[in-house]
Visitor: 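Quick one: the structure is below, and I'll ask about it shortly.
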Number of protein chains: 2
Amino acid sequence: MPRAATTSDTFNAIAEPQRREILELLKDGERPVLDLAKELGIPQPSASKHLRVLREVQLVRVREVGKQRLYGLDARGLRPIHEWVGGFAEFWNESFDRLNNYVQELKSEAQKENADDN
Amino acid sequence: MPRAATTSDTFNAIAEPQRREILELLKDGERPVLDLAKELGIPQPSASKHLRVLREVQLVRVREVGKQRLYGLDARGLRPIHEWVGGFAEFWNESFDRLNNYVQELKSEAQKENADDN
DNA sequence: CCATCATATTCCCATATGGGCATGCGTCAA
DNA sequence: TTGACGCATGCCCATATGGGAATATGATGG
């Protein structure tokens with residue numbers, strides 16, 4: 001089985017660089033598809049596809065205005081992710097120390113070995 | 001081109017459910033591969049593969065102890081992600097209001113239309 | 001050196017994905 | 001109604017991926 005379907009999985013939805021860019025662009029407000037496509041330098045169909053994925057995980061919503069479809073940000077789906085990642089906050093501070101300790105151990109061992117060599 | 005290589009991309013690394021589980025298990029401390037595999041209910045090769053990906057993005061580090069390889073958490077790589085997602089915090093609070101306004105607009109329009117019908 | 005244990009790799013398969021291109025579809029203006 | 005515009009879809013291709021099974025690799029104990 002390949003990677004979990006991007007659909008209905010917010011983690012996968014934001015695993016795509018271009019989709020992350022889209023989300024960032026939408027911070028400034030709603031935008032039509034062609035607008036986003038041009039900004040990203042990708043063909044319209046590609047933009048539409050990415051937007052579809054974002055739509056499926058509900059990170060964006062659409063509003064039809066005439067011929068255009070204005071895409072807007074709905075960041076609520078990002079909150080769970082922020083919380084999940086945040087659950088590691090205590091570790092990314094501490095982990096430096098851990099790694100540091102580990103490096104210290106290696107150094108000690110190395111010195112010991114050098115001593116043995118003499 | 002398929003999705004960006006999972007290698008060297010932390011976002012993709014944590015897009016895999018099992019890899020996220022591994023990271024969570026490692027919160028409790030270092031663990032050998034078979035241990036993780038059993039805990040996740042997956043074969044050892046699968047665990048090794050996932051661990052490799054996590055290693056490549058440096059979310060875990062290995063320490064060789066005899067025949068075993070103890071995998072440990074190195075959450076520092078998660079910090080950038082936390083910050084990126086956090087950049088949307090102001091929106092997931094606000095977005096509810098936006099959506100709400102949008103719904104209000106729809107209601108208004110609907111009422112207007114009903115009024116027109118009469 | 002040999003057998004065994006703990007892991008890592010490799011191979012093959014099924015599938016999901018992103019890109020490019022053509023096309024279908026709904027909306028608006030003439 | 002027709003034509004143009006803005007998007008969404010469908011199709012095909014190349015590729016990366018996860019799973020399963022078999023095997024290679026490394027370290028340990030005898």
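Proteins get letters first, then strands, A, B, ... in listed order; numbering begins at 1 in each.
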Visitor: Roughly how many Å is it from CD in E16(A) to C1' in dA16(D), rounded to a whole number?
Guide: 13 Å

Visitor: Between atom CG in L54(B) and atom P in dT17(D), what is the gap in whole Å?
Guide: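 Between P of dT17(D) and CG of L54(B): 13 Å.
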
Visitor: To the nearest Å, give me how far apart CG (L36(B)) and C1' (dT7(C)) are.
Guide: 12 Å

Visitor: Which pairs of donor and acceptor atoms, one on a side chain in residues 31-42 of chain A, lie under 3.5 Å apart (sequence neighbours left out)?
Guide:
{"residue": "R31(A)", "atom": "NH1", "partner": "E39(A)", "partner atom": "OE1", "Å": "2.6"}

Visitor: For dG19(C), does OP1 or OP2 lie under 4.0 Å from any side-chain N or O of H50(A)?
Guide: yes

Visitor: Starting from P on dG18(C), measure out to CD on E21(A) and report it in whole angstrom.
Guide: 14 Å

Visitor: Between C1' on dT17(C) and CG on N12(B), what's the gap in Å once rounded to a whole number?
Guide: 11 Å

Visitor: Please say which of I14(A), T10(A), L78(A) ends up in a side chain to side chain contact (heavy atoms under 4.5 Å, CB included) with V57(A).
Guide: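 Considering I14(A), T10(A), L78(A), a side chain to side chain contact (heavy atoms under 4.5 Å, CB included) with V57(A) is found only for T10(A).
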
Visitor: For the residue pair K27(A) and F91(B), would you count it as a cation-pi contact if the rule is NZ or CZ under 6.0 angstrom from the ring centre and within 45 degrees of the ring axis?
Guide: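 No; the conditions do not both hold, so K27(A) does not lie above the ring face of F91(B).
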
Visitor: Figure out the CZ/C1' separation between R63(A) and dG26(C), and round it to whole Å.
Guide: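 These atoms are roughly 18 Å apart.
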
Visitor: Please report the distance, rounded to the nearest Å, between CD1 in I42(B) and C1' in dT17(D).
Guide: 14 Å

Visitor: Kindly compute the distance separating CG (N93(B)) from CZ (R79(A)), expressed to the nearest 0.5 Å.
Guide: 6.0 Å

Visitor: Treat each ILVMFWY residue as a node, draw an edge where side-chain heavy atoms are under 4.5 Å apart, and state whether I22(B) and L70(B) are in one component.
Guide: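 No.
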
Visitor: If you restrict it to nitrogen or oxygen atoms, what contacts under 3.5 Å exist between nucleotides 1-8 of chain D and the protein, and what is each distance?
Guide:
{"residue": "dC5(D)", "atom": "O4'", "partner": "K67(A)", "partner atom": "NZ", "Å": "3.4"}
{"residue": "dC7(D)", "atom": "OP1", "partner": "V33(A)", "partner atom": "N", "Å": "3.1"}
{"residue": "dC7(D)", "atom": "OP2", "partner": "L34(A)", "partner atom": "N", "Å": "2.9"}
{"residue": "dA8(D)", "atom": "OP1", "partner": "Y71(A)", "partner atom": "OH", "Å": "2.4"}
{"residue": "dA8(D)", "atom": "OP2", "partner": "S48(A)", "partner atom": "OG", "Å": "2.4"}
{"residue": "dA8(D)", "atom": "N7", "partner": "Q44(A)", "partner atom": "NE2", "Å": "2.7"}
{"residue": "dA8(D)", "atom": "N6", "partner": "Q44(A)", "partner atom": "OE1", "Å": "3.4"}

Visitor: Sequence neighbours left out, what passes side chain to side chain contact (heavy atoms under 4.5 Å, CB included) with P80(A)? Give chain and number order.
Guide: none

